[in-house]
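Atoms within each ligand, like the ligands themselves, are counted from 1 in listed order.
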Amino acid sequence: GVWYTESDFHGSQADPLPATSAKRVLLFGGTFDPPHVGHLTMAQLAYEQTGVDEVWFLPAPSPPHKADIADDTFAWRVAMVSALLRGRPHLRTMPLEARLPRPSYTIDTVKACKQWYPDVDFMFLLGADSLAHLPTWNGATELCSLIPIVVAARAGYPVAETVAAVRGALPSLQVGVIEMPLLDVSSTWLRQRLDHGQDTCELVPERVLGVWWRGSNGVAKDGGNQA
Ligand code: ATP
């Protein structure tokens with residue numbers, strides 16, 4: 001049967017916000033289609049190196065820059081993130097953007113989080129590729145004044161050069177860099193392999209693949225051939 005539904009994750013304004021006792025939180029926005037070891041590694045290492053109490057994964061219902069990602073895969077992507085983070089309570093799945101108008105721009109998400117959790121100190125985690133595009137984001141200047149950025153290296157985007165270029169466009173950028181081995185994996189590449197039935201070699205952990213194959217809305221993505 002269907003073991004999760006859209007309404008489990010879309011959360012209305014009337015639902016209570018998830019509780020936290022965290023004082024410092026690192027927000028980690030993404031599409032997570034699917035979530036992979038790159039996401040897990042950067043979150044875990046950022047957690048260790050920044051000393052925050054929790055990292056909150058914020059799956060985007062409909063990311064502004066990814067027209068092909070439909071809102072109706074949201075619950076499914078949330079379920080995959082939950083599977084990825086299983087057993088690591090300091091890394092939390094927080095589908096908070098479900099409460100916001102679409103598309104949810106990061107500036108709106110950050111403002112909402114500060115309003116919802118006034119006692120929490122927030123930072124925001126980005127891969128260097130996303131940082132490179134930050135100057136084009138809605139409200140980028142204001143965003144930089146609102147929240148410090150924590151950045152992880154990504155193939156093709158050397159951190160020092162990327163930070164310098166972005167700081168040229170956004171002088172108010174506050175940035176910290178995490179030490180991390182370069183993991184040249186992306187959701188796009190993994191999704192293509194999965195769509196062709198190819199082995200993803202644990203880059204998407206088994207517990208996440210279980211959710212992937214069940215597909216969104218309880219419909220098996222592959223027509224039901226996989227376990
Ligand atoms: P896509 O292939 O569609 O671009 P993605 O693998 O980048 O997907 P997203 O969910 O879009 O996954 O990424 C969320 C965040 O994680 C972004 O800030 C991105 O820069 C970062 N990120 C994803 N994969 C890596 C990686 N392998 N190394 C460093 N940062 C990463």
Side-chain angles (χ1 to χ4, degrees), residues 26-50 55-71 73-74 76-85 91-97 103-107 109-110 122-138 140 143-144 147-163 165-166 173 175-196 200-205 208-209 211-212:
L26 182 62
L27 300 175
F28 186 23
T31 311
F32 306 117
D33 185 32
H36 52 67
V37 293
H39 297 128
L40 182 60
T41 306
M42 66 194 279
Q44 176 64 30
L45 297 185
Y47 167 78
E48 294 171 10
Q49 294 174 31
T50 60
V55 181
W56 293 359
F57 281 58
L58 305 168
S62 40
H65 57 289
K66 292 186 182 172
D68 54 324
I69 303 292
D71 222 72
T73 67
F74 180 61
W76 177 49
R77 290 182 286 109
V78 170
M80 287 193 283
V81 172
S82 301
L84 181 77
L85 305 183
L91 308 181
R92 296 181 63 184
T93 314
M94 295 286 261
L96 297 171
E97 288 190 345
S104 21
Y105 295 103
T106 299
I107 181 81
T109 306
V110 167
F122 288 106
M123 299 192 284
F124 203 96
L125 179 60
L126 289 177
D129 60 313
S130 301
L131 179 70
H133 295 108
L134 182 63
T136 70
W137 290 12
N138 249 30
L143 182 64
C144 288
I147 194 163
I149 305 291
V150 175
V151 65
R154 189 137 196 209
Y157 296 85
V159 176
E161 286 90 328
T162 306
V163 168
V166 172
L173 179 73
V175 72
V177 177
I178 59 162
E179 295 283 332
M180 171 175 152
L182 206 52
L183 292 172
D184 194 1
V185 285
S186 72
S187 294
T188 302
W189 184 73
L190 291 165
R191 198 166 55 245
Q192 282 162 2
R193 291 193 58 90
L194 289 168
D195 285 344
H196 290 98
T200 48
C201 307
E202 299 293 324
L203 294 170
V204 180
V208 177
L209 280 186
V211 184
W212 171 273

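Heavy-atom proximity to Leu126, at under 4.0 Å, picks out these atoms of ligand 1: 18 (O). Near Asp129, the atoms of ligand 1 lying under 4.0 angstrom from a non-hydrogen atom of the residue are 19 (C), 20 (O). Atoms of ligand 1 found under 4.0 Å from any heavy atom of Gly29, numbered from 1 in the order shown, are 14 (C), 15 (C). Residue contact check: Met42 has heavy atoms under 4.0 Å from atoms 16 (O), 21 (C), 22 (N), 29 (C), 30 (N), 31 (C) of ligand 1. Short contacts between ligand 1 and Gly30, defined as distances under 4.0 Å to a heavy atom of the residue, involve ligand atoms 10 (O), 14 (C). Interface atoms of ligand 1 facing Ser186, defined by a heavy-atom separation under 4.0 Å, are 2 (O), 6 (O).
Relative to atom 7 (O) of ligand 1, the option among Arg77, His39, Arg154, Gln192 with the closest non-hydrogen atom is Arg154. Considering Pro35, Gly38, Ser187, Ala128 only, the shortest heavy-atom separation from atom 6 (O) of ligand 1 involves Ser187.
Considering backbone and side-chain atoms together, Asp184 places no N or O closer than 3.5 Å to any N or O of ligand 1. The distance criterion of under 3.5 Å between nitrogen or oxygen atoms is met by Leu183 with respect to ligand 1. Of the polar atoms of His36, at least one N or O is found under 3.5 Å from an N or O of ligand 1, judged by distance alone.
Using a 4.0 Å heavy-atom cutoff, Ala153 is listed among the residues neighbouring ligand 1.
Under a 3.5 Å cut-off, the side chain of Trp76 and the backbone N or O of Val211 do form a donor-acceptor pair. Between the Arg77 side chain and the Pro35 main chain, no donor and acceptor come within less than 3.5 Å of each other.
Trp56 pairs with exactly one of Tyr47, Phe28, Phe122 by the ring pair (Phe, Tyr, Trp, His ring centres under 6.0 Å) rule, that one being Phe122.
In this structure, Trp212 CH2 and Leu190 CG are separated by 9.0 Å, a value rounded to the nearest 0.5 Å.
The backbone and the side chain of Thr188 each have at least one atom closer than 4.0 Å to an atom of ligand 1 (non-hydrogen atoms only). Contacts between Phe28 and ligand 1, counted as non-hydrogen atom pairs separated by less than 4.0 Å, involve the side chain only.
The aromatic rings of Phe32 and His39 lie perpendicular to each other, with more than 60° between the two planes, well past the 30° mark.
In this structure, Ser130 and Arg154 have side chains that are not in contact, with every pair of non-hydrogen atoms separated by 4.5 Å or more.
A pairwise comparison of heavy atoms in Leu134 and Ala140 identifies O-CB, 3.3 Å as the closest pair.
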What verdict does the side-chain contact (heavy atoms from CB on, under 4.5 Å) test give for Leu40 and Leu85, after you've listed the backbone C-alpha separation in whole Å, the side-chain angles of each residue and the deciding distance to 0.1 Å? CA-CA 8 Å; Leu40 182 60; Leu85 305 183; 4.1 Å; yes

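For Ser104, the side-chain hydrogen bond (donor to acceptor under 3.5 Å, both in side chains) criterion is met by Glu97, not counting sequence neighbours.
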